[in-house]
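None of the values given here were measured: they were computed from a predicted structure.
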Protein chains: 2
Amino acid sequence: MGISFSTVSKALNNSPVVKEETRQLVLQKAKELDYAPNMLARGLRSKSSKTIAAIFNDIENPVLTYIYRKISIDMAKYGYTTLICDAQFDPDIERSNILSVVARMPDFVIIEPTTSDPANLKLLANMANRVIVLGKRYPGINHNFIQIDYELGGYLAAKELLAKGHRDCLVIAEPIAFPISGQFIHGIHRAYQDHGLELEPERIIYTHASIENGSKAIMQLWDYNEKRFKINFTGVMTFNDAVAYGVYKAASHLALRIPQDISVIGFDDNPLSAFSLPPLTTIYLPREKIAGSIIEILHNVLLHNDQEIYNFFLEPYLVSRDSVNDLNN
Amino acid sequence: MGISFSTVSKALNNSPVVKEETRQLVLQKAKELDYAPNMLARGLRSKSSKTIAAIFNDIENPVLTYIYRKISIDMAKYGYTTLICDAQFDPDIERSNILSVVARMPDFVIIEPTTSDPANLKLLANMANRVIVLGKRYPGINHNFIQIDYELGGYLAAKELLAKGHRDCLVIAEPIAFPISGQFIHGIHRAYQDHGLELEPERIIYTHASIENGSKAIMQLWDYNEKRFKINFTGVMTFNDAVAYGVYKAASHLALRIPQDISVIGFDDNPLSAFSLPPLTTIYLPREKIAGSIIEILHNVLLHNDQEIYNFFLEPYLVSRDSVNDLNN
DNA sequence: TTGTACGCGTTATCAG
DNA sequence: CTGATAACGCGTACAA
């Protein structure tokens with residue numbers, strides 16, 4: 001058969017200028033030969049690699065995995081492939097992730113920034129409406145934002161503890177450089193103010209979120225000689241559920257009971273947190289809405305050529321289970 | 001300055017033919033201009049896109065996330081980007097994932113196949129030693145294999161239940177089409193034979209692994225009129241921990257206690273399974289070794305140009321906690 | 001409606 | 001050691 005390259009290309013891309021008959025011929029032959037266009041060449045030529053890049057800080061966090069999976073599965077239907085980098089809360093790694101991702105000409109970048117410094121985000125400046133920033137808003141940055149109200153999250157967590165009579169609390173949070181960590185802390189302070197109280201800075205422990213680090217944070221406070229904690233506390237609020245389980249672990253190691261000896265409140269709501277001993281009181285991150293919002297933006301911009309810049313604002317809420325003791329009765 | 005494209009390219013790629021002096025000049029200028037090579041063009045020309053593709057069946061499974069993260073973080077150091085697809089246990093989706101991934105000219109594909117039918121794997125045939133297959137071996141397929149002994153896993157799970165006096169058990173497993181599901185079941189049967197017993201086929205429930213499905217599997221057995229199960233059982237073994245928590249959920253719903261009324265044994269060992277109520281007895285999948293083996297292959301082939309085909313064989317083991325009741329005393 | 005020729009940004013080859 | 005040129009596989013303007 002004598003059909004030229006370009007006709008084939010047009011047929012495969014549903015160009016309306018090609019005769020239906022020839023298109024069918026081409027499509028059939030393509031299927032026969034298991035032909036798949038080289039996406040690198042296509043991307044190089046058309047400036048669209050059909051790729052969506054995600055840059056997150058802890059891929060093992062189930063909330064992030066949930067979101068990533070939803071996006072990946074949905075966009076795969078339209079021929080998009082999703083790649084994901086783990087910036088590990090480190091701006092330098094984030095920078096190299098961005099560079100490495102941008103060099104692959106992605107159609108969209110979804111990023112959960114490591115720092116309030118917009119320097120890294122500026123590397124994405126020319127992608128404008130094809131970037132989604134997760135977490136908090138950056139003034140002067142013209143991207144799509146999915147803001148998540150961590151301030152409210154912190155507030156709700158502290159409120160719950162304070163309402164149940166816990167005045168001496170600990171906070172275990174991501175290092176303050178992490179943008180949303182500051183909001184979380186801020187919300188906690190606001191709840192304290194509501195109660196006419198103040199949270200001393202030494203009661204806030206900064207560490208990367210993991211079971212191990214949560215456990216260490218508590219253990220380092222233990223005075224082995226005196227057999228008690230160096231700082232008095234009845235409640236702990238944590239930046240995510242993994243950290244909360246670190247507290248569980250430390251408590252178990254010290255033969256302390258939750259919630260009778262230590263009350264704990266998490267963040268994120270791990271799918272398994274309903275089954276823990278005791279079931280964990282935590283702040284629910286609206287993962288369905290986050291994923292839904294991202295997919296909505298992706299569809300509008302990528303599939304319908306929308307030029308708008310989106311700004312979603314999502315709120316977490318308290319899920320009350322059994323890890324907070326009520327001191328009032 | 002008058003340095004040609006080709007010299008620049010050589011300088012950037014550490015070609016030994018370029019003078020050190022010129023290289024420094026180029027590197028400096030590159031940094032100045034924030035120059036980053038277009039990976040699509042580079043990939044098109046050099047047949048290496050510096051990309052590693054993973055095709056898994058449930059990205060939300062923490063074991064998979066752990067492995068993916070380790071690979072992603074490690075290989076990022078060498079300029080490789082990792083992309084991941086979720087085949088959702090569906091051979092058709094897997095096929096389109098493979099096609100979509102191959103079109104991006106990845107340097108490596110890591111795949112956890114959906115089916116024992118090697119048809120999809122054949123699409124990767126010309127990548128030979130640049131494919132890693134996770135799970136079980138396919139005869140006649142010439143790829144790297146990381147075999148995980150699910151047969152042993154099933155055996156250990158059943159053994160534990162049988163040793164503690166549970167003769168009437170249920171199995172909740174991934175549909176048998178999923179390659180390693182058959183091995184799991186086979187191991188269970190072998191343990192039964194060791195005890196001179198037999199597991200009736202109707203005691204095996206096939207469903208995709210999730211908390212919800214695990215719960216449904218149990219609930220559908222409940223006779224609401226008689227207030228008892230349609231099939232008598234004291235123990236349940238599941239294909240992964242999420243399913244086990246589905247059993248927890250159903251038990252809680254029916255006001256049944258674990259392990260007094262129902263003993264449960266999971267698979268995978270979710271990081272949070274140590275904290276559940278009760279702590280879950282489960283089969284530990286050697287995730288560190290799996291990740292380590294993959295990285296070893298990746299390094300040898302990609303970084304050191306090794307041509308060997310690797311075949312790892314990894315074994316799970318029992319982690320005994322409190323979700324299995326001992327009926328013997 | 002179809003075919004020809006060029007360009008996307010690199011790297012590989014080969015001549016200088 | 002450096003520079004010119006071709007080629008990677010595709011999409012598209014323009015010619016036929």
Protein-nucleotide distance (B/F5, atom CZ; D/dT5, atom C1'), rounded to Å: 12 Å

Between P of C/dT10 and NZ of B/K50, the distance in whole Å: 15 Å

Nearest-neighbour nucleotide for the B/S46 side chain, C/dT2, C/dT11, D/dG9 considered: C/dT11

Atom pair distance, as rounded to whole Å: CG in A/L40 and C1' in C/dT10: 12 Å

Interatomic distance, B/M39 CE vs D/dC8 P [rounded to whole Å]: 20 Å

Atom pair distance, as rounded to whole Å: NZ in A/K10 and P in C/dT2: 9 Å

Shortest non-hydrogen separation from A/V301 to A/R130 and the atoms involved: CG1-CG, 4.2 Å

Short side-chain to backbone donor-acceptor contact, A/T51 and A/S49, under 3.5 Å: yes

Charged N-O contact under 4.0 Å between A/R69 and B/D58: yes

Stepwise ring-ring contact (aromatic ring centres under 6.0 Å, His included) check, B/Y78 with B/H299: CA-CA 10 Å; B/Y78 309 102; B/H299 281 198; 5.3 Å; yes

Phosphate OP1/OP2 of D/dA7 contacted by B/R45 side-chain N/O (<4.0 Å): no

B/A41 vs B/S6, nearer the 5' end of DNA chain D by closest nucleotide: B/S6

Base C/dG9 paired with A/K47 side chain (donor-acceptor, <3.5 Å): no

Electrostatic pair B/D34:A/R95 at N-O distance under 4.0 angstrom: yes

Euclidean distance, atom CD of residue B/E20 to atom P of D/dC1 [Å, nearest integer]: 10 Å

Sugar-phosphate only, base, or nothing, as touched by B/A11 at under 4.0 Å among non-hydrogen atoms: nothing

Side-chain N,O (B/Y35) to OP1/OP2 (C/dT10) below 4.0 Å: yes

B/T7 side chain near D/dG3 phosphate (N/O to OP1/OP2, under 4.0 Å): yes

C/dT11 OP1/OP2 closer than 4.0 Å to side-chain N/O of B/S9: yes

Any B/N13 side-chain nitrogen or oxygen under 4.0 Å from OP1 or OP2 of C/dT11: yes

Spacing between B/N14 atom CG and D/dC1 atom P, to the nearest angstrom: 14 Å

Between D/dG9 (C1') and B/M105 (CE): distance, integer Å: 9 Å

